[in-house]
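Written below as structure tokens is the structure these notes are about.
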Amino acid sequence: MRNSLLALSLFALAAFGQANGKLQIHYIDVGQADSAIVISPHGETVLFDAGEDMKTKDCTKLVEYLTALKVARIDHLYVSHYHFDHIGCVADVLGHFPLRGKSYDRGESYAGATFKAYVAAVGEHRATAQVGDKVVLDADFDVPVTIETLALNGAGVDTKNENDLSVVAKLTFEHFTAEFGGDLSGEKAGDYEDIETKVADQVGPINVYKVHHHCSTHSTNEYWLQKTTPQVGVISTGDTNPYSHPATACLERLHQAGVKTYWTETGKGAAPISTWDVVGGSILVEMTPGADHYTVKPVSGEAHDYPLKAVTPQPTQQSYVWSVRSKIYHYADCAVAKSISEGNRRTGTTPPEGKTLHQGCPPPK
Ligand SMILES: [Zn+2]
């Protein structure tokens with residue numbers, strides 16, 4: 001029964017092909033582990049983690065999935081952190097699909113044979129991710145896919161918890177965005193630290209959220225959800241996990257924030273609620289260039305469309321306004337500043353020299 005189901009789903013997958021002119025993100029069902037592959041419209045590939053399930057210790061599902069996609073090679077690899085459920089299948093995968101570019105990880109070292117096997121498998125492709133680093137896919141085409149590293153190693157928070165050291169990366173394709181943040185935590189509990197709050201503003205609005213830490217109770221805090229406003233959360237979890245993932249508290253926060261979730265497996269925590277949660281095996285997110293929506297399609301389930309919300313640009317710098325005839329300057333949104341005539345009006349991203357701030361200005365938003 002299982003074999004025929006597997007054969008059937010592999011057959012269905014073969015029809016996707018590697019490059020199909022759309023952005024594809026496959027969140028692959030790898031049991032209690034993590035792995036997702038991004039395929040650009042012109043066929044460049046980025047693998048985010050290649051994890052091994054604790055119980056099955058099996059990488060064949062992942063290798064078979066990539067084979068069925070007709071993936072020829074991995075162009076870039078991102079490793080969130082060094083737990084086996086994120087790197088345990090790297091050697092196996094790269095044995096089948098050679099790595100062309102770099103393997104971006106959090107640097108440093110980690111104890112154990114799994115980490116050693118990872119380091120040996122990537123060899124000189126290994127590179128420490130740097131905040132602000134960008135990998136651009138389809139760089140020679142009109143609509144590139146950009147992946148930017150936003151944080152790693154705790155984002156300045158002092159922690160030794162391996163989960164909290166996860167690399168945080170954001171993918172952008174036209175108005176579509178998705179976040180990958182490994183097993184990041186969102187609360188201080190035991191040796192877990194709240195990293196989500198630290199990075200939420202920087203991540204900003206996203207469409208698809210790879211739910212941190214398999215929806216552990218420590219992940220996905222309210223501030224994170226408020227700032228990132230995801231429409232869709234993908235939960236990578238395994239039926240045999242001993243951690244009660246996905247956790248009820250994590251799921252409730254997602255539901256409260258209006259996030260629809262897709263699970264690779266049922267897991268061993270909270271039960272899915274039919275109006276909110278879909279358990280569907282591997283989950284494919286697809287977007288056609290120029291489209292005003294994207295699609296989420298579980299391997300065993302129907303496709304759902306999601307509108308691309310208008311993304312409010314994050315204010316990065318407060319700008320200033322002043323009149324050449326006055327000794328005071330204003331924040332750009334100050335009502336008084338609006339009455340300055342066109343001819344006298346000057347603006348800048350830093351305060352003008354020799355002038356003082358108008359005390360009646362509202363504080364910057
Ligand atoms: Zn994990």
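Order of listing sets the numbers, starting from 1, for every ligand and every atom in it.
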Testing D85, T264, N241 for side chain to side chain donor-acceptor pair (under 3.5 Å) with H214, which one passes?
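Of the listed residues D85, T264, N241, the side chain to side chain donor-acceptor pair (under 3.5 Å) partner of H214 is D85.
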According to ring-ring contact (aromatic ring centres under 6.0 Å, His included), who are the partners of W224, at least two apart in sequence or on a separate chain?
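W224 satisfies ring-ring contact (aromatic ring centres under 6.0 Å, His included) with Y209, H212 once adjacent residues are dropped.
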Below 3.5 Å, can you tabulate the donor-acceptor pairs from side chains in residues 94-101 to any protein atom, sequence neighbours excluded?
from, atom 1, to, atom 2, distance (Å)
H96, ND1, D92, O, 2.9
R100, NE, D75, OD1, 2.7

Testing the basics here: between D105 and L152, what is the closest heavy-atom pair and its distance to 0.1 Å?
O-CD1, 4.2 Å
Salt bridge (Lys or Arg N to Asp or Glu O under 4.0 Å) partners of R345, counting only residues at least two apart
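For R345 there are no salt bridge (Lys or Arg N to Asp or Glu O under 4.0 Å) partners, ignoring immediate neighbours.
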Quick one: do the D58 and T60 side chains pair a donor with an acceptor below 3.5 Å?
yes
If I only include protein atoms of type N, O or S, how many are less than 2.8 Å from the Zn ion (ligand 1)?
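Protein N, O or S neighbours of the Zn ion (ligand 1) under 2.8 Å, waters not counted, come to 4.
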